[in-house]
Student: 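Quick one: structure below, then a few questions.
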Amino acid sequence: LRTVTVDLGVRSYPVQIGDGLLLRLGESIKTFSSGEAIIVTVKPVRALYGETAMESLEAAGIRPECIEVPDGEAAKSIETFTEVVGRLLELCAARDSTILSLGGGCAGDLAGFVAATYMRGIRLVHVPTSLLAQVDSSIGGKVAINHPLAKNLMGAIYQPKLVLSSTDLLRTLPSREIGCGVAELIKYGAILDHELFDELERKSESVMRLERDVMEDLVSKAVSLKAKVVKEDEIDSGVRLLLNFGHTVGHAIETAMEYKGFSHGEAVAVGMVAESRVAASIGMMDFKDADRLENLISLYHLPTRIKGVEVDALLDLMSHDKKVEAGKWRFSLPTRLGNGQIVSNPPKETVARAIRGVLQN
Ligand SMILES: NC(=O)c1ccc[n+]([C@@H]2O[C@H](COP(=O)([O-])OP(=O)(O)OC[C@H]3O[C@@H](n4cnc5c(N)ncnc54)[C@H](O)[C@@H]3O)[C@@H](O)[C@H]2O)c1
Ligand SMILES: [Zn+2]
């Protein structure tokens, strides 16, 4: 078991990473939760792990309840949000209840947004089950639901009390979902940590096979990297914006595709290809490094091109993005592999050209 602390003063919390942690769920949350625990999960994850989670809670004397929400981005709709709040009322959930997300980033983002808003905030615990959720979405407190016109438009920064990342749960992930988590790992490598980037290149086979030591190591590294950034900038006003590499174009792709077809990690993969070309075109980054990044993305069978969306639609959607400030586009771009920088307003024509480069119409 490894523990990384997200150090945020009174809002600090531990992230536990290791094998077999789900069995210890009840014991782990008993220290701060006495009331009931309401699990928010999706069908495929409930079928695999719901019972173990409920049993572990019961054994620790915590009353478990379970709310199932639609899988994937449908979990993050306004309708699902309203339904879950209704269920909480039926269950008489109150300030001493704990919301426990059990699932990928979609279940986590929804559960977190519910926890942040229900009665102005009730306790939250994340049990991330996808690689993406373990390396990224469960850390740092960003919680949100989507609007048809913009991804994550309604949200909050609301930190959990605990994150329990049981790496053995990853073994049931479909291989496509492993790639999605790797997309965020590549992002960390590209803008924050050259060694991580190299490691992802060297160990792709072990990662795809989900080798135990390699996964524990990668999850711990990613959590530490993100925890450090979040400690410096919890509210996303400075250095944390760097974590958006690939996401300005990526979110526009997701919205344009109406949150179907491409998952978040895949949209970010294409987004990183496009955005690194912006970086290369404005002379921030070597074209050679941009190619190396694209090769790494391909190595994990992630998409580098996209079909069925128009450049103008994407440019238009990008102007609704939260990263736009006073009409300025802000991109997080690599300067070289392992280093990033925030860039305001790269020339629109350069961005359009980079996007055209990843469209396959
Ligand atoms: N809050 C943040 O800081 C943050 C960061 C990155 C991404 N996100 C959000 O996360 C979401 C994507 O998360 P995701 O990629 O985890 O998608 P997801 O939650 O849809 O999970 C992917 C799929 O894997 C299944 N699954 C999850 N765990 C499993 C397991 N152990 N075994 C078998 N199947 C399993 C799920 O049921 C789902 O079908 C996006 O909405 C994105 O915006 C948020
Ligand atoms: Zn992301």
Side-chain angles (χ1 to χ4, degrees), residues 1-6 13-19 21 45 101-109 112 126-143 159-160 162-201 203-204 206-231 240 242-247 250 263-269 271-272 293 296-297 299-302 332 338 340:
L1 168 81
R2 308 192 204 188
T3 303
V4 177
T5 303
V6 183
Y13 53 96
V15 183
Q16 298 179 351
I17 301 150
D19 237 43
L21 297 188
V45 176
S101 79
L102 177 69
C106 292
D109 278 11
H126 285 306
V127 182
T129 64
S130 71
L131 181 59
L132 183 140
Q134 294 195 353
V135 300
D136 194 349
S137 63
S138 63
I139 315 298
K142 279 198 191 175
V143 297
Q159 305 295 344
L162 165 73
V163 179
L164 200 99
S165 275
S166 197
T167 44
D168 53 316
L169 308 189
L170 301 177
R171 279 177 217 135
T172 52
L173 270 182
S175 61
R176 185 172 167 193
E177 299 302 336
I178 302 171
C180 293
V182 171
E184 303 282 11
L185 285 171
I186 294 175
K187 172 190 81 177
Y188 292 127
I191 48 160
L192 295 174
D193 188 339
H194 194 282
E195 262 174 46
L196 174 61
F197 191 93
D198 290 347
E199 197 179 338
L200 289 167
E201 278 183 335
K203 298 189 179 160
S204 66
S206 312
V207 175
M208 293 308 276
R209 279 199 301 270
L210 296 170
E211 277 172 25
R212 181 179 152 165
D213 292 350
V214 174
M215 294 323 281
E216 264 188 45
D217 192 51
L218 283 176
V219 173
S220 306
K221 266 193 189 135
V223 171
S224 305
L225 281 169
K226 184 155 184 189
K228 191 163 162 256
V229 170
V230 170
K231 177 190 160 104
R240 190 168 178 177
L242 278 179
L243 299 177
N244 287 318
F245 172 47
H247 285 65
S263 61
H264 175 72
E266 291 166 338
V268 168
M272 287 192 290
L293 177 73
L296 182 59
I297 291 170
L299 193 61
Y300 285 93
H301 311 295
L302 283 159
S332 160

Student: Let me confirm one number: the CG-CE distance from Leu293 to Met272, rounded to the nearest 0.5 Å.
Tutor: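 Leu293 CG to Met272 CE: 6.0 Å, rounded to 0.5 Å.
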Student: Once rounded to the nearest 0.5 Å, what's the spacing between atom NZ of Lys228 and atom CG of Asp193?
Tutor: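 Nearest 0.5 Å value for the NZ-CG distance: 9.5 Å.
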Student: Compare all side-chain heavy atoms of Ser332 with those of Leu243 and state whether any distance is below 4.5 angstrom.
Tutor: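 No, their side chains stay 4.5 Å or more apart.
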Student: Rounded at 0.5 Å granularity, tell me how far NZ in Lys142 sits from OG in Ser137.
Tutor: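 That separation rounds to 11.5 Å.
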Student: Evaluate side chain to side chain contact (heavy atoms under 4.5 Å, CB included) for Val45 paired with Thr172, printing each intermediate quantity in order.
Tutor: CA-CA 9 Å; Val45 176; Thr172 52; over 6 Å; no
Student: Could you please spell out the steps behind the side chain to side chain contact (heavy atoms under 4.5 Å, CB included) verdict for Ser166 and Val127?
Tutor: CA-CA 8 Å; Ser166 197; Val127 182; 5.9 Å; no
Student: Name all residues meeting the side-chain hydrogen bond (donor to acceptor under 3.5 Å, both in side chains) criterion together with Thr5; count only those two or more places apart in sequence or in a different chain, and write none if there are none.
Tutor: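 In terms of side-chain hydrogen bond (donor to acceptor under 3.5 Å, both in side chains), with neighbours along the sequence ignored, Thr5 is linked to no residue.
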Student: Hey, is Lys203 close enough to Asp213 for a salt bridge, meaning N to O under 4.0 Å?
Tutor: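 So Lys203 does not pair with Asp213 through a salt bridge.
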Student: If you round to the nearest 0.5 Å, how far is CG of Leu210 from CG of Leu169?
Tutor: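 The distance works out to 11.5 Å.
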Student: Is Ser101 reaching over with its side chain to a backbone N or O of His126, donor-acceptor style, under 3.5 angstrom?
Tutor: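 Not a single qualifying donor-acceptor pair exists.
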Student: Is any side-chain heavy atom of Leu131 less than 4.5 Å from a side-chain heavy atom of Cys180?
Tutor: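 No - every pair of side-chain heavy atoms lies 4.5 Å or more apart.
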Student: Any donor-acceptor pair under 3.5 Å linking the side chain of Gln159 with the backbone of Gly140?
Tutor: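 Checked: pair present.
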Student: At their closest point, which heavy atom of His247 faces which heavy atom of Lys187, and how far apart are they?
Tutor: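 Taking every non-hydrogen atom into account, CE1-CD, 3.6 Å.
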Student: Decide yes or no for Leu196 and Leu218: does some side-chain heavy atom of the first lie under 4.5 Å from some side-chain heavy atom of the second?
Tutor: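 When only atoms from C-beta onward are counted, Leu218 and Leu196 do touch, with a gap below 4.5 Å.
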Student: Which atom pair, heavy atoms only, marks the closest approach of Val135 to Tyr188?
Tutor: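 Where Val135 meets Tyr188 most closely, the heavy atoms are O-OH, 2.7 Å.
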Student: Taking all atoms of both residues into account, what is the closest heavy-atom pair of Tyr13 and Gly141, and its distance?
Tutor: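 Minimum heavy-atom separation between Tyr13 and Gly141: OH-N, 4.1 Å.
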Student: Applying side chain to side chain contact (heavy atoms under 4.5 Å, CB included), run through Ser165 and Val223 and close with a yes or a no.
Tutor: CA-CA 10 Å; Ser165 275; Val223 171; 5.7 Å; no
Student: Say whether, by atom type as modelled, one donor and one acceptor occur between the side chain of Glu266 and the main chain of Ser263 under 3.5 angstrom.
Tutor: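 The answer is yes, because a donor-acceptor pair under 3.5 Å joins these two groups.
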Student: Does any part of the side chain of Thr167, heavy atoms only, come nearer than 4.5 Å to the side chain of Arg212, both counted from C-beta?
Tutor: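 No - every pair of side-chain heavy atoms lies 4.5 Å or more apart.
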Student: About how many Å separate CG of Leu173 and CZ of Arg171, when rounded to the nearest 0.5 Å?
Tutor: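 Reported value, rounded in 0.5 Å steps: 11.5 Å.
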Student: Where do Val6 and Ala227 come nearest, in terms of heavy atoms and distance?
Tutor: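 Heavy-atom minimum between the residues: CG2-CB, 4.1 Å.
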Student: Kindly compute the distance separating CD1 (Ile17) from CG (Leu1), expressed to the nearest 0.5 Å.
Tutor: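 Reported value, rounded in 0.5 Å steps: 8.5 Å.
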Student: Checking Ile186 against Val268 for the side chain to side chain contact (heavy atoms under 4.5 Å, CB included) test, could you report, in this order, the C-alpha distance in whole Å, the side-chain angles of both residues, the deciding distance, and whether it holds?
Tutor: CA-CA 10 Å; Ile186 294 175; Val268 168; over 6 Å; no
Student: Partners of Glu177 by salt bridge (Lys or Arg N to Asp or Glu O under 4.0 Å), sequence neighbours excluded?
Tutor: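 Glu177 satisfies salt bridge (Lys or Arg N to Asp or Glu O under 4.0 Å) with no other residue.
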Student: Closest heavy-atom contact between Leu21 and Asp168?
Tutor: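 So the two residues come closest at N-OD1, 4.3 Å.
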Student: Let me know which of Leu185, Val182, Ile178 forms a side-chain contact (heavy atoms from CB on, under 4.5 Å) with Tyr300.
Tutor: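 The single option meeting the side-chain contact (heavy atoms from CB on, under 4.5 Å) with Tyr300 is Val182.
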Student: Ignoring hydrogens, what is the shortest heavy-atom contact between Ile139 and Arg240? Give both atom names and the distance.
Tutor: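 Heavy-atom minimum between the residues: O-NH2, 4.2 Å.
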Student: With sequence neighbours excluded, tell me which residues meet salt bridge (Lys or Arg N to Asp or Glu O under 4.0 Å) with Lys221.
Tutor: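 Lys221 satisfies salt bridge (Lys or Arg N to Asp or Glu O under 4.0 Å) with Glu199, Asp217 only.
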